Visitor: 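Quick one: structure below, then a few questions.
Reminder, nothing fancy here: chain letters follow the sequence lines and each chain counts from 1. Not measured: the values here are computed from a predicted model.
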Protein chains: 2
Amino acid sequence: MTAKLEAFVFDVFGTVVDWRSGIAQEVTASGLIGPDAERAFEFADAWRRRYVPSFIEVNSGRRPFAKLDALHFENLLETLLEFGVDPLALPEAALTELNHAWHRLPPWPDSVRGLALLKSRFVIAPHSNGNLRLLLDMAKHGGLPWDAILGAEVVGAYKPVPQSYLRTAELLSLRPDQVCMVAAHNDDLAAARACGLRTAFVLRPHEHGPRQTTDLAPTQDWDFVVNSIAELGEIACASPG
Amino acid sequence: MTAKLEAFVFDVFGTVVDWRSGIAQEVTASGLIGPDAERAFEFADAWRRRYVPSFIEVNSGRRPFAKLDALHFENLLETLLEFGVDPLALPEAALTELNHAWHRLPPWPDSVRGLALLKSRFVIAPHSNGNLRLLLDMAKHGGLPWDAILGAEVVGAYKPVPQSYLRTAELLSLRPDQVCMVAAHNDDLAAARACGLRTAFVLRPHEHGPRQTTDLAPTQDWDFVVNSIAELGEIACASPG
């Protein structure tokens with residue numbers, strides 16, 4: 001017998017919010033690298049490119065757990081140097097303000113409606129590598145109606161470590177097959193499926209801009225494949241249970 | 001300089017919700033101990049009386065961390081025996097259903113309005129000994145608009161262990177003096193103050209019924225002393241910051 005699906009947990013960066021546009025806009029507004037919009041997108045990409053290597057240091061055990069805010073801050077300093085800006089010449093308050101751009105990322109246009117629909121029948125929570133305060137501020141800012149804030153900081157490990165998926169289900173008092181992981185990234189879903197979670201792939205073909213080459217199609221037969229969170233909400237809420 | 005207050009974290013049982021009425025009502029509805037209302041309140045009191053001794057086993061290190069749902073279930077079996085009901089003669093589903101009465105406790109009449117007001121300017125979260133799913137279900141059931149669900153299960157320790165208050169502030173990326181603990185219980189506030197948190201005492205003179213003898217007045221000069229969460233919201237939101 002198939003377990004009753006009770007919760008949807010979400011990757012956030014790229015799946016629920018448009019990090020690339022949000023970061024590029026705040027980088028431009030900061031005035032640090034000039035007014036060129038294309039260069040601001042390149043800055044966002046360069047900052048984001050340092051994300052995986054930085055949390056691999058934690059997951060490998062070479063470094064104690066650190067909040068994503070701390071990793072983002074270190075990566076911001078390196079990215080500024082790459083773009084010819086000396087971070088030591090800037091006030092720390094300005095750097096912190098820019099680092100908090102990740103707390104204010106804009107939801108994709110369908111996200112809030114889709115989450116509200118899913119929330120009417122299921123438990124919904126982020127299962128993101130963002131730290132708790134980052135995700136909380138983002139929810140307040142963008143109107144994301146989470147039932148709880150879960151993710152790397154609460155479980156003490158970054159995705160795709162298996163315990164992060166298993167501990168998230170355990171915190172919801174659910175078996176893994178009662179939880180569906182929602183992501184725009186095949187690798188996140190593969191790790192979730194290996195832990196027994198169900199899977200929903202949301203196509204976000206412009207997460208990385210107009211020339212995106214990754215995650216343009218599902219690489220496995222995920223339980224749901226949709227073009228938006230709103231579509232996921234409509235399908236999941238129409239199913240008999 | 002006084003730190004800027006950024007978050008209110010709440011005791012839940014007795015402070016935000018009326019556990020005694022909620023439990024008594026579901027005990028009566030269960031039909032297990034007959035229709036007498038006074039006896040149902042006595043059952044609620046007897047069940048609740050086992051609460052502190054059960055989590056002291058965890059905090060003392062004599063027992064690994066267990067969800068409050070599990071402690072409540074064990075205590076339910078003992079309380080049924082005390083009231084002359086053999087729990088082994090009952091279907092486990094009926095016992096689980098009654099145990100989940102704690103997930104459906106009714107908010108005090110002022111709670112939802114007060115929390116919504118506080119949420120407009122501050123971060124709000126439960127800091128309760130309830131497990132995450134219990135608090136999540138209670139929020140969905142009663143419309144409690146938390147920004148996040150914190151508490152014993154997330155921090156791995158029951159109040160009043162100091163690390164539970166300190167880790168809660170740390171998860172919010174705040175210093176303890178930027179967080180205010182809200183409770184109807186002086187001992188909870190004393191433990192929070194010892195960790196550097198600010199304190200708000202909410203008078204709930206009928207938490208334990210008409211003959212309550214405890215927590216009828218503040219025992220220290222708490223930062224806020226109010227008659228309701230709505231009043232706390234009005235005062236806190238009127239202050240300059």
Visitor: Could you point out which residue of B:Val202, B:Thr15, B:Asp18 forms a side chain to side chain contact (heavy atoms under 4.5 Å, CB included) with B:Trp108?
Guide: B:Asp18

Visitor: Can you tell me how far apart CZ (A:Arg49) and OG (A:Ser54) are? Round to the nearest 0.5 Å.
Guide: 13.5 Å

Visitor: Just give me the residue among B:Leu132, B:Leu135, B:Leu171, B:Val154 that pairs up with chain A most often, heavy atom to heavy atom, under 4.5 Å.
Guide: B:Leu171

Visitor: Would you confirm whether the ring centroid of A:Trp102 sits within less than 6.0 angstrom of the ring centroid of A:Trp47?
Guide: yes

Visitor: With a 4.5 angstrom heavy-atom cut-off, is it the side chain or the backbone of A:Leu134 that approaches chain B, or both, or neither?
Guide: neither

Visitor: Mind running salt bridge (charged side-chain N to carboxylate O under 4.0 Å, His left out) on B:Arg133 and B:Asp69 for me, showing each step along the way?
Guide: CA-CA 9 Å; B:Arg133 183 60 188 271; B:Asp69 272 345; over 6 Å; no

Visitor: Go through the atoms of A:Ala139 and report whether side chain, backbone, both or neither lie under 4.5 Å from a heavy atom of chain B.
Guide: neither

Visitor: Are B:His127 and B:Phe10 close enough that their ring centers fall under 6.0 Å?
Guide: no

Visitor: Sort B:Glu6 into side chain, backbone, both or neither according to what part of it lies under 4.5 angstrom from a heavy atom of chain A.
Guide: side chain

Visitor: Which region of A:Val123, side chain (C-beta onward) or backbone (N, CA, C, O), has a non-hydrogen atom less than 4.5 Å from a non-hydrogen atom of chain B, or is it both or neither?
Guide: both

Visitor: Report which part of B:Lys67 has an atom under 4.5 Å of a heavy atom belonging to chain A: side chain, backbone, both, or neither.
Guide: side chain

